[in-house]
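To start, the structure itself, in structure tokens.
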Amino acid sequence: MFAKPHGIKGEISLVTNSDVFDDAEDPCVICEIDGILVPFFVEEYRYKTDTVILLKLENVNDEKAAREFTNREAFFLLDAVDEDDLVGDMTWDSFIGYTVIDEHHGELGKITDVDETTINVLLQIDHNGEELLLPAAEELITSADHDNKTLQVSVPEGLLDL
């Protein structure tokens, strides 16, 4: 899944638990655009974290073009993926693009990124155009619907007012 653009030169964050590009001669990702699977070749890539790769795709040269990929699913050629990566534990980055719904406050917004720079991992949520930070804590999650990409949470009273 693509997250948000990184910088102004067309780089975009790709959330994956696979090192799919390391052995590829012509690395590419495939996205569904208007119902058609379209390959995009990778000019450059670098690892931001173990699960986030910063990609520069061919012909994607600015932030506006990169923004078109935000929250789109990315597919890899099956022969490029290590079999061990096909099944595995989900990480917090796996929830980027999910809609967060609180049992008391209703829909909070979509998860746009995961902040792992502090000891407490935070989910960054686009809440009506403003960034909302929610602790990534299993105790707050009441259920996850992976088919509909929703995360049901129960946020303690006052936490959203911070």
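This chain uses plain numbering: 1 for the first residue, then up along the sequence. All values derive from a computational prediction rather than experimental measurement.
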Sequence-distant partners of Lys4, salt bridge (charged side-chain N to carboxylate O under 4.0 Å, His left out), two or more places apart: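 Checked Lys4 against salt bridge (charged side-chain N to carboxylate O under 4.0 Å, His left out); matches are Asp113.
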Contacts of type salt bridge (charged side-chain N to carboxylate O under 4.0 Å, His left out), residue Glu116, not counting sequence neighbours: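 None.
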Residues two or more places apart in sequence or in another chain: which of them pass side-chain contact (heavy atoms from CB on, under 4.5 Å) with [X]?
X      : answer
Glu131 : Gln124, Leu133
His127 : Leu108, Leu132
Glu138 : Trp92
Leu37  : Ile30, Glu32, Phe75

Any pair counted as salt bridge (Lys or Arg N to Asp or Glu O under 4.0 Å), so long as it reaches residues 144-156, sequence neighbours left out: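 Every candidate salt bridge (Lys or Arg N to Asp or Glu O under 4.0 Å) pair involving residues 144-156 fails, so no pair, neighbours aside, qualifies.
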Does any non-hydrogen side-chain atom of Ser13 lie less than 4.5 Å from one of Val52?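 When only atoms from C-beta onward are counted, Ser13 and Val52 do touch, with a gap below 4.5 Å.
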Does Val121 reach the side chain of Pro135, with side-chain heavy atoms less than 4.5 Å apart?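 The answer is no; the side chains never approach within 4.5 Å.
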Between Thr117 and Asp115: side-chain donor-acceptor atoms closer than 3.5 Å: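 The criterion, which ignores hydrogens and geometry beyond distance, is satisfied for Asp115 and Thr117.
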With sequence neighbours left out, which residue pairs that include part of residues 50-72 fulfil the ring pair (Phe, Tyr, Trp, His ring centres under 6.0 Å) condition?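 Sorted result for residues 50-72: Phe2-Phe69, Phe40-Phe69.
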Derivation of the side-chain contact (heavy atoms from CB on, under 4.5 Å) call for Leu151 and Thr99: CA-CA 6 Å; Leu151 203 59; Thr99 299; over 6 Å; no
Whether over 12 other heavy atoms sit under 6.0 Å from Ile8 CD1: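 Open.
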Is it true that atom CD of Glu103 has more than 12 heavy atoms of other residues, nucleotides or ligands lying nearer than 6.0 Å?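 Atom CD in Glu103 is crowded, with more than 12 foreign heavy atoms closer than 6.0 Å.
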Expected list for residues 55-64: side-chain donor-acceptor pairs under 3.5 angstrom, two or more places apart:
from: Lys56; atom 1: NZ; to: Val60; atom 2: O; distance (Å): 2.6
from: Lys56; atom 1: NZ; to: Asn61; atom 2: OD1; distance (Å): 2.9
from: Asp62; atom 1: OD1; to: Lys64; atom 2: N; distance (Å): 3.2
from: Asp62; atom 1: OD1; to: Ala65; atom 2: N; distance (Å): 2.8
from: Glu63; atom 1: OE2; to: Arg67; atom 2: NH2; distance (Å): 2.5

Test side-chain hydrogen bond (donor to acceptor under 3.5 Å, both in side chains) applied to [X] - qualifying residues, sequence neighbours left out:
X      : value
Ser143 : none
Glu139 : none
Thr142 : none

